[in-house]
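These notes are about the structure you will find just below.
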2 protein chains.
Amino acid sequence: MLQLTMTGEYAVRAMVHLATLPPDTTVQIADIAREWDVPEVFLRKIITQLSRNGLVASYRGKGGGVALGREAGTITLLDVIECMEGPLALNACLTNPGICHRIPFCAVHAVWHEAQIKLREVLTSRTLADLAGHHIEGCQSAVTLDAGILSPTDPL
Amino acid sequence: MLQLTMTGEYAVRAMVHLATLPPDTTVQIADIAREWDVPEVFLRKIITQLSRNGLVASYRGKGGGVALGREAGTITLLDVIECMEGPLALNACLTNPGICHRIPFCAVHAVWHEAQIKLREVLTSRTLADLAGHHIEGCQSAVTLDAGILSPTDPL
DNA sequence: GGTAAATGGGAGTCCTTTTGTCCCATTTGG
DNA sequence: CCAAATGGGACAAAAGGACTCCCATTTACC
């Protein structure tokens with residue numbers, strides 16, 4: 001299917017969570033799992049993978065936990081997704097040219113190529129810092145909503 | 001996975017094939033299957049689905065076959081893909097808002113929304129007429145290559 | 001009418017991927 | 001040493017993808 005998997009989705013949630021914390025703060029996987037509705041043991045696998053690629057730093061032993069592996073401003077959404085799902089390939093012919101023997105005269109291939117470039121552009125245009133910032137703002141808006149200062153129907 | 005399925009890929013091949021034919025020409029499914037390396041029985045299922053949505057017109061009985069259901073210029077790549085794979089949804093939260101209880105303050109959701117719009121733009125920017133045209137040109141280039149007028153290393 | 005040639009449709013098979021779980025090893029602070 | 005944390009391998013259930021089989025239906029032509 002042309003859709004992000006739960007693995008990728010969960011990874012993004014975890015990374016956004018980490019990005020909202022003050023730099024170098026560590027948090028435990030169980031806490032992330034609880035707050036973002038992710039099965040804990042599964043999230044452990046996911047974070048291990050992120051850790052192997054340097055996107056998160058993990059600390060074992062009592063008092064350990066995980067933190068962002070690099071500065072939030074240097075990690076894009078695409079980084080997280082490709083870490084879990086492998087290189088982006090909207091169509092198999094984009095990574096494995098041998099599959100389609102009609103390249104180089106396949107016009108469809110060119111369209112997929114263009115589509116993939118556009119998708120990459122969007123997915124690399126926001127860093128975790130951006131996403132975390134908006135997330136925090138959004139939460140504050142929500143709190144404001146709860147406080148009744150804004151009507152629930154007001155546009156954000 | 002974030003990738004087109006074989007079902008969608010085969011459907012595109014078949015539609016491009018139909019679009020290269022003169023208007024209202026019918027061809028048999030077995031012929032398309034043979035020429036484009038698609039399992040015939042499987043392609044029959046795919047074309048049935050395209051037929052149900054009016055993208056192809058099918059004629060049963062001896063001497064029957066299939067043809068384009070509408071003018072090639074009115075059918076986009078997205079039409080074909082969505083016919084086979086359902087509505088485009090890069091992330092589940094785009095079609096099923098209830099899944100993510102953090103909307104409307106989820107910044108990631110907004111990114112997926114933008115990415116999907118861009119992807120739709122590309123996939124709707126080319127009709128089968130465009131693709132068939134380029135396909136024919138490409139084939140002619142290939143023929144020219146075969147004739148030895150151009151070197152195989154010459155850029156197309 | 002009968003037969004051959006074409007698409008239509010339901011059911012089912014096989015395989016891979018996804019989405020997890022279980023259990024235990026390893027690390028580390030107190 | 002013990003409790004608390006991550007790491008890793010094996011495994012399991014469920015879903016989805018990629019087909020096949022069998023037969024029904026339609027139609028042209030003799």
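For Leu55(B) against Asp79(B), the heavy-atom pair with the smallest separation is CD1-O, 3.7 Å. Residues Thr76(A) and Thr124(A) share a closest heavy-atom pair of CG2-O, 3.6 Å. When all heavy atoms of Trp112(A) and Ile81(B) are compared, the closest pair comes out as CZ2-CD1, 3.4 Å. Residue Ala72(A) comes nearest to Thr127(A) through the heavy atom pair O-CB, 3.6 Å, listed as atom of the first residue, atom of the second, then distance. Between Leu50(B) and Ala11(B), the shortest heavy-atom contact is CD1-CB, 4.1 Å. Residues Leu90(A) and Gln116(A) approach most closely at N-OE1, 2.9 Å, considering heavy atoms.
The distance from atom CE of Met84(B) to atom P of dG16(D) is 16 Å, rounded to the nearest whole Å. If you measure from atom CD1 of Ile46(A) to atom C1' of dT6(D), you get 15 Å, rounded to the nearest angstrom. We find that CE of Met6(B) is positioned 14 Å from C1' of dT16(C), with the value rounded to whole Å. Gln49(B) places its CD atom 14 Å from the P atom of dA18(D), with the value rounded to the nearest Å. For Gln28(A) and dG29(C), the CD to P distance is 14 Å, given to the nearest whole Å. Following rounding to the nearest Å, Asp31(A) (CG) and dA4(D) (P) show an atom-to-atom distance of 14 Å. Put simply, CG on Leu43(B) is 11 Å from P on dC19(D), counting in whole angstrom units. Atom CG of Leu2(B) and atom C1' of dT18(C) are 15 Å apart (whole Å).
The stretch residues 52-69 of chain B comes close to DNA chain C through Arg52(B), Ser58(B), Tyr59(B), Arg60(B), Gly61(B), Lys62(B), Gly65(B), each having a heavy atom under 4.0 Å from the strand.
Between Met15(A) and the options Leu77(A), Ile32(A), Leu68(A), a side chain to side chain contact (heavy atoms under 4.5 Å, CB included) holds for only Leu68(A).
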Any N/O pairs under 3.5 Å between the protein and nucleotides 20-22 of chain D? List them or say none.
none

Can you give me the N/O atom pairs linking the protein to nucleotides 11-14 of chain D at distances under 3.5 Å, or say none if there are none?
none

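Between Tyr10(A) and the phosphate of dT19(C), there is no side-chain N or O to OP1/OP2 separation shorter than 4.0 Å. Dashed line: the shortest gap from a side-chain N or O of Thr48(B) to OP1 or OP2 of dT7(C) is not under 4.0 Å. At dA18(D), one or more side-chain N or O atoms of Thr7(B) fall inside 4.0 Å of OP1 or OP2 (strictly under the cut-off).
Counting only distance, with no hydrogens or angles, the side chain of Arg13(A) and the backbone of Trp36(A) share a donor-acceptor pair below 3.5 Å.
If you find the closest nucleotide of DNA chain C to Thr5(A) and to Ala30(B), the one lying nearer the 5' end belongs to Ala30(B).
Under the 3.5 Å distance criterion, with hydrogens and angles disregarded, no donor-acceptor pair is assigned to the side chains of Asn91(B) and Gln3(A). A side-chain donor-acceptor contact under 3.5 Å links Thr5(A) and Glu85(A).
Here the CG-CD distance, from Asp31(A) to Glu40(A), works out to 9.0 Å after rounding to the nearest 0.5 Å.
Of the charged side-chain nitrogens involved, none lies within less than 4.0 Å of a carboxylate oxygen, so that Lys118(A) and Glu114(B) do not count as a salt-bridged pair.
At a threshold of 4.0 angstrom between heavy atoms, the contacts of Ile29(B) are confined to the sugar-phosphate backbone, with no base atom among them.
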